[in-house]
Asks: 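Questions regarding the structure given below will be posed in turn.
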Amino acid sequence: MCNEAARRIALGIIREDWSQLKVPLVFPEGLPNLQAVASIRITDPTLIIRAARATGAPADPHTPTAEGVMRRWSWPMSNGRPLYNFRSEGRRFGNSATGGRCLIPIDGFYEFTAPPPGAPKSAKKDKWCFSLSPGDANPLGSAFFCVAGLWHADQQVGEAFTMLTTTPGPDVAPYHSRQIVLMPRAHWADWIGGTVPSADLITPAPAGSLRVAPVVRG
């Protein structure tokens, strides 16, 4: 399960991509100071993008106004554990005044695998970074990708988000039995708009869309 990500992209690049999609992107709480972060972990705040709530229902649900806000990754479940990943299968996701769909722009995420056979018991797990394969034809994006998630107004921690998971695509399957949902760029507006059924949008990442590299750990 994904519990660490990277966001090293400038806010201007994110704004430009949404502008190219002809989807207005506003920042009702002010422009965030997005510094390059190689490690975003559970409970850390990061940028999420969702349908703007102040404008009401959009005239065209496929091109809603989007809003960017900084929110905490995960909220506590009844057992106190953080809900940072959420299975997407068999569930419907819409939008309401207290929660709904969102996208989390990142440019990398990490998975861990057991040390190879024969490694000492004290050996750390191998760490792998997944990022976009280069090329404008990549359906996930060209400079960053967006993870499909849910935001929720929690009584304890306030508004927070979780990342959705699905079955892994060919690039992730050798490393983990699940993968976070990476929403194709062409469907970013469909996802946050909340009217297209979530099952029609959630799929494993296509083969070749991600590249993986080992992370050297000290």
Asks: Taking all non-hydrogen atoms of both residues, which atom of Ile42 and which atom of Ser74 are closest, and how far apart?
Replies: CG2-OG, 3.3 Å
Asks: Any side-chain heavy atom of Leu140 sitting closer than 4.5 Å to one from Leu210?
Replies: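 Of all side-chain heavy-atom pairs linking Leu210 with Leu140, at least one is under 4.5 Å.
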Asks: Closest heavy-atom contact between Trp151 and Ser96?
Replies: CZ2-O, 3.8 Å
Asks: Carefully, step by step, assess Asp200 and Asp190 under the rule side-chain contact (heavy atoms from CB on, under 4.5 Å).
Replies: CA-CA 10 Å; Asp200 293 349; Asp190 292 331; over 6 Å; no
Asks: Going by heavy atoms in the side chains, are Ile49 and Trp188 under 4.5 Å from each other?
Replies: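 Not in contact.
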Asks: Tell me whether Leu182 shares a hydrophobic cluster with Tyr110, the cluster being built from Ile, Leu, Val, Met, Phe, Trp, Tyr side chains joined at under 4.5 Å.
Replies: no
Asks: Rounded to the nearest 0.5 Å, how far apart are OH of Tyr84 and CE of Met77?
Replies: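 So the OH of Tyr84 and the CE of Met77 are separated by 8.5 Å.
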Asks: Side-chain contact, heavy-atom cut-off 4.5 Å: Arg50 with Arg71?
Replies: yes
Asks: State plainly whether one hydrophobic cluster holds both Ile13 and Leu21, where clusters connect Ile, Leu, Val, Met, Phe, Trp and Tyr through side-chain heavy atoms under 4.5 angstrom apart.
Replies: yes
Asks: With a 4.5 Å limit on heavy-atom distance, are the side chains of Pro28 and Val69 in contact?
Replies: yes
Asks: Would you say the side chain of Phe109 lies within less than 4.5 Å of the side chain of Phe145, judging by non-hydrogen atoms?
Replies: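 Yes, close enough: below the 4.5 Å cut-off.
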Asks: How many angstroms lie between atom CD1 of Ile9 and atom CZ of Phe144, to the nearest 0.5 angstrom?
Replies: 5.0 Å
Asks: Looking at Glu89, I'd like to know if its CD atom is crowded, meaning that more than 12 non-hydrogen atoms belonging to other residues, nucleotides or ligands lie closer than 6.0 Å.
Replies: yes
Asks: For a quick check under 3.5 Å, do Trp128 and Thr113 share a side-chain donor-acceptor pair by atom type?
Replies: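 Judged by distance alone, the side chains do pair up.
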Asks: Report yes or no: do Val215 and Ile180 belong to one cluster of Ile/Leu/Val/Met/Phe/Trp/Tyr joined by side chain heavy-atom distances under 4.5 Å?
Replies: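 In one cluster: no.
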Asks: If only atom types and distance count, is the side chain of Arg91 paired as donor or acceptor with the main-chain N or O of Arg87 below 3.5 Å?
Replies: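 Checking the backbone N and O of Arg87 against the side chain of Arg91, a donor-acceptor pair under 3.5 Å is found.
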Asks: Please evaluate residues Cys2 and Asn85 with respect to the criterion side-chain contact (heavy atoms from CB on, under 4.5 Å), reporting the C-alpha separation (whole Å), side-chain torsions for both, the decisive distance (0.1 Å), and the verdict.
Replies: CA-CA 7 Å; Cys2 180; Asn85 286 162; 4.2 Å; yes
Asks: Could you give me the CA-CA distance, side-chain angles and deciding distance for Leu103 and Trp18, then say whether side-chain contact (heavy atoms from CB on, under 4.5 Å) is met?
Replies: CA-CA 12 Å; Leu103 292 167; Trp18 283 87; 3.8 Å; yes
Asks: Identify whether Phe112 and Phe130 are in the same connected component of the hydrophobic contact network (ILVMFWY, side-chain heavy atoms under 4.5 Å).
Replies: no
Asks: Donor-acceptor pair, distance only, cut-off 3.5 Å: does the side chain of Asp171 make one with the backbone of Ser209?
Replies: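 Judged by distance alone, yes, a pair lies under 3.5 Å.
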Asks: If you take all heavy atoms of Thr167 and Arg178, which pair is closest and at what distance?
Replies: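 Smallest heavy-atom distance, with atoms named: N-NH1, 3.8 Å.
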Asks: Got a donor-acceptor contact below 3.5 angstrom from the Ser88 side chain to the Leu164 backbone?
Replies: no
Asks: Quick one: are Phe161 and Trp73 in side-chain contact, heavy atoms under 4.5 Å?
Replies: yes
Asks: For Pro204, does its backbone N or O pair with a side-chain atom of Gln179 as donor and acceptor, under 3.5 Å?
Replies: no
Asks: Quick one: does Asn95's side chain have a donor or acceptor within less than 3.5 Å of a partner on Ile192's backbone?
Replies: yes
Asks: Of the non-hydrogen atoms in Pro134 and Arg211, which two are nearest, and what is the gap between them?
Replies: CD-NH1, 3.9 Å
Asks: As an exercise, state the distance from CE of Met70 to OG1 of Thr46, rounded to the nearest 0.5 Å.
Replies: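 The OG1 atom of Thr46 is 5.0 Å from CE of Met70, to the nearest 0.5 Å.
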Asks: For Ser133 and Gly208, work out which heavy atoms get closest and say how close.
Replies: OG-O, 2.8 Å
Asks: Verify, without hydrogens or angle tests, whether Trp75 (side chain) and Ala153 (backbone) share a donor-acceptor contact under 3.5 angstrom.
Replies: no
Asks: Could you go through Ile48 and Glu159, starting from their C-alpha distance and side-chain angles, then the distance that decides it, and tell me whether this counts as side-chain contact (heavy atoms from CB on, under 4.5 Å)?
Replies: CA-CA 11 Å; Ile48 69 169; Glu159 291 186 356; over 6 Å; no
Asks: Between His187 and Thr203, is any pair of side-chain heavy atoms under 4.5 Å apart?
Replies: no
Asks: Any idea which heavy atoms bring Asp126 and Pro116 closest together, and the distance?
Replies: OD2-CD, 3.7 Å
Asks: For residues Leu25 and Val23: do they belong to one hydrophobic cluster (side chain heavy atoms under 4.5 Å, members Ile, Leu, Val, Met, Phe, Trp, Tyr)?
Replies: yes
Asks: Kindly assign one of parallel, tilted or perpendicular to the pair Phe86 and Phe93, based on the angle between their ring planes and the thresholds 30° and 60°.
Replies: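 Phe86 vs Phe93 ring planes: perpendicular.
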Asks: Which donor-acceptor pairs under 3.5 Å do the side chains of residues 33-40 make with protein atoms, sequence neighbours left out?
Replies:
from  : atom 1 : to    : atom 2 : distance (Å)
Ser39 : OG     : Glu4  : OE2    : 2.6
Ser39 : OG     : Arg41 : NE     : 3.2

Asks: Counting N and O atoms only, with roles assigned by atom type, does the side chain of Trp191 sit under 3.5 Å from a partner on the main chain of Cys102, one being a donor and the other an acceptor?
Replies: yes
Asks: Are Leu132 and Ser142 packed together at the side-chain level, in the sense that at least one heavy-atom pair is separated by less than 4.5 angstrom?
Replies: no
